[in-house]
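Residue numbers begin at 1 in each chain, while the letters A, B, ... track the order of the sequences. What you see is a predicted model, and the numbers here were worked out from it, not measured in a lab.
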Amino acid sequence: MLVYYPSLYSIYLCLLNFSAMSVQLSEQEIIRREALQKLRDLGIDPYPAALFNVNVTSQEILNNYEKRKLDYKNISIAGRVMSKRVMGKASFMELQDSHGRIQVYIARDEICQGEDKTLYNEVFKKLTDIGDFVGVKGYVFTTQVGEISIHASEFTILSKSLKPLPIVKTDADGKIHDAFKDPELRYRQRYVDLVVNEGVKETFVKRTKIMSAMRDFFNSYGYLEVETPILQPIPGGAAARPFLTHHNALDIPLYLRIANELYLKRLIVGGFDGVYEFAKDFRNEGMDRTHNPEFTVMEIYVAYKDYNWMMDFTEKMLEKISIDVNGTTEAQIGNNKVDFAAPYARVPILSAIEKHTGHNLHGKSENEIRDIAQKLGIDVDDSMGKGKLIDEIFGEKCERHYIQPTFITDYPIEMSPLCKKHREDDSLTERFELMVNGKELANAYSELNDPIDQRERFEEQMRLSENGDDEAMFIDQDFLRALEYGMPPTSGMGIGIDRLTMFLTNSSSIQDVLFFPQMRPEKFASHQKKLELTENEKAIFDILKERGRMEIGELKELTGLSGKAWDKGMKGLSAHGLAKVEKTEEGVFVEIVK
RNA sequence: GACUCGGUAGCUCAGCUGGUAGAGCAUAACACUUUUAAUGUUAGGGUCCUGGGUUCGAGCCCCAGCCGGGUCACCA
């Protein structure tokens, strides 16, 4: 996108380049920069280059020390200082490494064996801040109040932190105080969220485990993990609005993929038994608690299978993933307890509708269905075909009832242009969606491999497109050519990784399972070197320039500014360092600063 | 896109239907060699999101905007 607008692009780079501008520092940031200089003055590099050997993690110590005390006589550990409690000649600090936190005991005469106590008195007590990375060597012991701790014999600064972290404290009852929970700050500064909020890392570790459990499952069947293009000349495989970009050398438009289905099927045409891809897809649509413009979908295609086989496969997969990740098939999702143990109920969509509305739609015409939808209180319009109407009815009246994993099967043909017709009813397709907690989790077909039927379905999509449906699919001629060479009967399945992660980590927002959810770019205060005065500031400055120094009331009078405008103007001028207010016995004077 | 809630110190938040900006933690200084939300004493720290308006006077009221959350709509 940016290449279309070079001027915007340069403005954007300018915004990003905020570090070059002077930034106002808080008191605490200034103090930390001073500490940095003092360390250097003491001959200590606050950012040493050498590696620091670590031979244990906090978790290992806390788990194993009681059982194997002798193994922890000579340990070396590194991490961030998360709290400091100084008590004269001895102190405690909490050290946080990638696995957790452990308390460290630092006694002055232990880390300073000789006469020189600088390392303790200055470096540790005064120049070490919360957030600094430090290395500690020593042995593990248990304090009088029973906390497993490290007794430090050596203390090393590994990296100085210049920006104070939010302080989150947990009291004796486990109650969290001053939690860092402003969503904007948490998502924009995920690094801080990860450091100070317990449990955030765990969500992301689980996300990765979900993907590796899934990968293991597929690999155990011998299926091949592949990569297909993200930049596509025709965005196919789903109905959605794509992002558009441009390739300079080829001078062609390219789309960011909305799905990878058509490419994976080409690989089945090419002779692979099973292929799968964890794909970042991109859709240029609204954002909310469950939608991010880029998201991850796993799609898998297996030759010589149908959607019945895929249901068995999918439920086995989810059962395994749930156990691998959470140690149980049960998952708490909001107020619901969901059990991922196979097998799952299988309900044809028309039966689901009959059950929850009392209307049997089998063999009903489009108009009859439209009447029923209206009776059910659903907004309908003439552009909606049979498939869309059924989808609406299901979405409004049925979807929310399927809390436990349930395969909803046999969708109407109009909604599924890439799916094979049902073997028993050609108004339906061999498709299922897996519903969990009232939401769609996975979608699968017996893939359409009849090239002539596929061409007709695409042409039907084109007619929809001409009727104004801007999400109808494009015709992908190369994909049709591939099908004409022949694709074996194939079943394919796609599953939303973000949504699955939300379910298995009980997260209510997609932003909680994405490290960096999309946000409007942050504006950084830009204190340009070139001063630009506001109208108010100028009015005051122009008068003051003439006189140099004058009584404040008189100056205000002369400017003719309102109280607020005057106040803003004066504040602005002092902030720029152009004017100074001085209080003397004769009164209050404003002076221009040279 | 609509509605709604919020934006005040580094962080978490108070702020009386308008009158000199507050607390806790954090920070600085002093004391303290097994503490643990360490403690005690003292001190400093503010573009009250931005811009207008009303007013003698606005963190507070009015208008416009920016950013975020929630709900709904659109959308798989």
Across the strands shown, which category fits [X] at heavy-atom distances under 4.0 angstrom: base, sugar-phosphate, nothing?
X	value
A:R32	nothing
A:D182	sugar-phosphate
A:E29	nothing
A:E433	base

Phosphate oxygens OP1/OP2 of [N]: is one of them under 4.0 Å from a side-chain N or O of [X]?
X	N	value
A:R289	B:C72	no
A:R85	B:U35	no
A:K181	B:C13	yes
A:Q511	B:G69	yes
A:Q144	B:U35	yes

Could you please name the partner base of [N], counting Watson-Crick and G-U wobble pairs only when both distances are under 3.5 Å?
N	result
B:A14	none
B:G1	B:C72
B:C30	B:G40
B:U35	none
B:G59	none

Test side chain to side chain donor-acceptor pair (under 3.5 Å) applied to A:S508 and A:R289, step by step: CA-CA 7 Å; A:S508 59; A:R289 218 176 32 178; 5.1 Å; no
Looking only at atom [atom1], what distance separates [N] and [M], rounded to whole Å?
N	M	atom1	answer
B:G19	B:C60	C1'	12 Å
B:U12	B:G53	C1'	33 Å
B:C74	B:A37	C1'	47 Å
B:G68	B:U50	C1'	15 Å
B:A73	B:G65	C1'	24 Å
B:G40	B:G7	C1'	36 Å
B:U54	B:C61	C1'	8 Å
B:U47	B:C5	P	28 Å

Contact nearer the 5' end of RNA chain B, comparing A:V145 with A:Y411: A:V145
Geometric class of the A:F278/A:Y276 ring pair [parallel <30°, tilted 30-60°, perpendicular >60°]: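 The arrangement is perpendicular - the two ring planes meet at more than 60°.
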Whole Å only: how far is the [atom1] atom of [X] from the [atom2] atom of [N]?
X	N	atom1	atom2	value
A:D288	B:A73	CG	C1'	10 Å
A:I30	B:G44	CD1	P	17 Å
A:Y120	B:U33	OH	P	8 Å
A:E94	B:A26	CD	C1'	15 Å

Those residues that, when tested against A:K169, pass salt bridge (Lys or Arg N to Asp or Glu O under 4.0 Å) (two or more places apart):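 Partners of A:K169 by the salt bridge (Lys or Arg N to Asp or Glu O under 4.0 Å) criterion come out as none, since no residue qualifies.
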Counterpart residues, salt bridge (Lys or Arg N to Asp or Glu O under 4.0 Å), relative to A:R431 (two or more places apart):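 Scan of A:R431 (salt bridge (Lys or Arg N to Asp or Glu O under 4.0 Å), adjacent residues dropped) gives A:E433.
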Please tell me which of the listed nucleotides, [options], lies nearest to the side chain of [X]?
X	options	result
A:H151	B:U34, B:G10, B:U35	B:U34
A:F180	B:U12, B:U35, B:G68	B:U12
A:E27	B:U34, B:G44, B:G10	B:G44
A:S149	B:G68, B:U35, B:U27	B:U35
A:R520	B:U33, B:C66, B:U35	B:C66
A:M519	B:C75, B:G68, B:U35	B:G68

Polar pairs (N or O, both sides) under 3.5 Å between protein and nucleotides 29-32 of chain B?
residue	atom	partner	partner atom	Å
B:C32	N3	A:V86	O	3.4
B:C32	N3	A:G88	N	3.2
B:C32	N4	A:G88	N	3.4

Cation over ring face, A:K73 and A:F141, 6.0 Å, 45°: no
Side chain to side chain donor-acceptor pair (under 3.5 Å) assessment of A:Q189 paired with A:D193: CA-CA 7 Å; A:Q189 303 183 41; A:D193 189 33; over 6 Å; no
Positions of residues 162-176 of chain A (non-hydrogen atom under 4.0 Å from RNA chain B), listed by number: A:P164, A:P166, A:I167, A:K169, A:T170, A:D171
Donor-acceptor pair between A:Y120 and A:S91 side chains, under 3.5 angstrom: yes
Heavy atoms of other groups near A:D171 CG, more than 12 under 6.0 Å: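 Count over threshold, so yes.
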Neighbour count above 12 (heavy atom, 6.0 Å) for A:K69 NZ: yes
Solution key, residues 99-113 of chain A side-chain donor-acceptor pairs under 3.5 Å, sequence neighbours excluded:
residue	atom	partner	partner atom	Å
A:R101	NE	A:Q96	OE1	2.8
A:R101	NH2	A:Q96	OE1	3.3
A:Q103	OE1	A:R85	NH2	2.7
A:Q103	NE2	A:S149	OG	3.0
A:D109	OD1	A:K117	NZ	3.1
A:Q113	NE2	A:E110	O	3.2

Sugar-phosphate or base contact per nucleotide [nucleotides 1-9 of chain B; S, B, -; heavy atom under 4.0 Å]: ---------
hbond_proxy A:Y105 side chain to B:U35 base (donor-acceptor, 3.5 Å cutoff): no
